[in-house]
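This report concerns only the one structure given below.
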Amino acid sequence: QVQLVESGGGLVQPGDSLRLSCLASGRTLSAAGWFRQAPGEEREFVAAISTSGRNTNYADSVKGRFTISRDNAKNTVYLQMNSLKPEDTAVYYCARSRTMSANTVSNDYNYWGQGTQVTVSS
């Protein structure tokens, strides 16, 4: 069994930065991703990273602002979010992929964290 615990969310102003962390326990060696869900919206892909960390994918809306990384020795995946915008406001979920590739589709993920709230507001 795999457990994922996100942390690092909060309330920030536009233009600020946040770093989200996702600590995994159990069978952890796999690709990982971050998704988000805003109120009234469907869950959407944000970023993904392969098991090795060499390959990443990003949603167009966050390219150049967000960076996904991982430390396999610490079983932790990170999402560095810079230049935050009000439209980034959402609950952010960490997920573990069924494969070793940086997948962008939620159906490719079989374990999910509980989510952490990110609110960007002035």
Side-chain angles (χ1 to χ4, degrees):
Q1 193 74 353
V2 175
Q3 288 187 321
L4 304 173
V5 179
E6 304 97 334
S7 61
L11 172 63
V12 296
Q13 295 187 338
D16 285 351
S17 297
L18 275 177
R19 188 176 81 157
L20 305 183
S21 298
C22 174
L23 176 62
S25 61
R27 297 173 54 200
T28 57
L29 287 179
S30 185
W34 288 95
F35 292 75
R36 67 186 181 185
Q37 187 168 19
E41 303 288 334
E42 292 188 353
R43 189 174 298 186
E44 65 174 0
F45 168 75
V46 176
I49 188 166
S50 62
T51 304
S52 66
R54 285 193 289 269
N55 296 307
T56 58
N57 276 314
Y58 295 94
D60 288 343
S61 59
V62 306
K63 279 181 182 176
R65 298 189 299 124
F66 290 13
T67 303
I68 189 170
S69 62
R70 66 189 298 159
D71 184 337
N72 287 343
K74 296 182 178 180
N75 291 332
T76 302
V77 177
Y78 304 98
L79 185 67
Q80 178 67 43
M81 305 186 295
N82 298 330
S83 303
L84 283 161
K85 305 175 181 180
E87 50 263 45
D88 294 318
T89 295
V91 177
Y92 283 70
Y93 297 91
C94 173
R96 178 188 181 273
S97 175
R98 303 173 194 274
T99 76
M100 294 189 176
S101 302
N103 303 306
T104 64
V105 179
S106 61
N107 285 345
D108 289 330
Y109 293 81
N110 54 354
Y111 290 99
W112 296 81
Q114 293 299 307
T116 184
Q117 176 71 47
V118 172
T119 302
V120 185
S121 175
S122 55

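Residue numbers count from 1 along this sequence. Side chains included, hydrogens not; waters and symmetry mates left out as well; all remaining heavy atoms used. Remember, it's a predicted structure, so these values are computed and weren't measured experimentally.
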### Task
Would you name the heavy atoms of Arg65 and Asp88 that are closest together and state the gap between them?
NH1-OD2, 2.8 Å
## Note on the structure
Taken to the nearest 0.5 Å, the spacing of Met81 CE from Ser17 OG works out to 8.5 Å
### Message
Keeping Arg70 on the side-chain end and Ser50 on the backbone end, is there a donor-acceptor pair under 3.5 Å?
### Response
yes
### Query
Just by modelled atom types, is the Ala24 backbone N or O under 3.5 Å from a matching donor or acceptor in the Arg96 side chain?
no
### Message
Distance to the ring centre below 6.0 angstrom and angle to the axis at most 45 degrees; does that hold for Arg36 and Tyr93?
### Response
no
### Message
Test ring-ring contact (aromatic ring centres under 6.0 Å, His included) on Tyr109 and Phe35; report intermediate values, then the result.
### Response
CA-CA 11 Å; Tyr109 293 81; Phe35 292 75; 5.1 Å; yes
### Task
Quick one: pull up CG in Asn110 and OG in Ser30 and give me the separation to the nearest 0.5 Å.
7.0 Å
### Message
Quick check against the 3.5 Å criterion: does Asn103 have a side-chain atom that pairs as donor or acceptor with the backbone of Ser101?
### Response
yes
#### Entry: From OG1 (Thr76) to CG (Leu20), nearest 0.5 Å
12.5 Å
### Summary
Output for pair (Asn57 CG, Ile49 CD1), nearest 0.5 Å, gives 10.5 Å
### Message
Tell me if a side-chain donor or acceptor on Thr116 pairs with a main-chain N or O of Tyr92 at a distance below 3.5 Å.
### Response
no
### Message
Can you tell me how far apart CG (Asp71) and CG (Leu23) are? Round to the nearest 0.5 Å.
### Response
11.0 Å
### Message
Counting C-beta onward and ignoring hydrogens, is there a side-chain heavy-atom pair between Trp112 and Leu4 closer than 4.5 Å?
### Response
no
### Message
Can you confirm whether more than 12 heavy atoms, excluding those of Glu87, are under 6.0 Å from its CD atom?
### Response
yes
### Message
As an exercise, state the distance from CZ of Arg43 to OG of Ser106, rounded to the nearest 0.5 Å.
### Response
7.5 Å
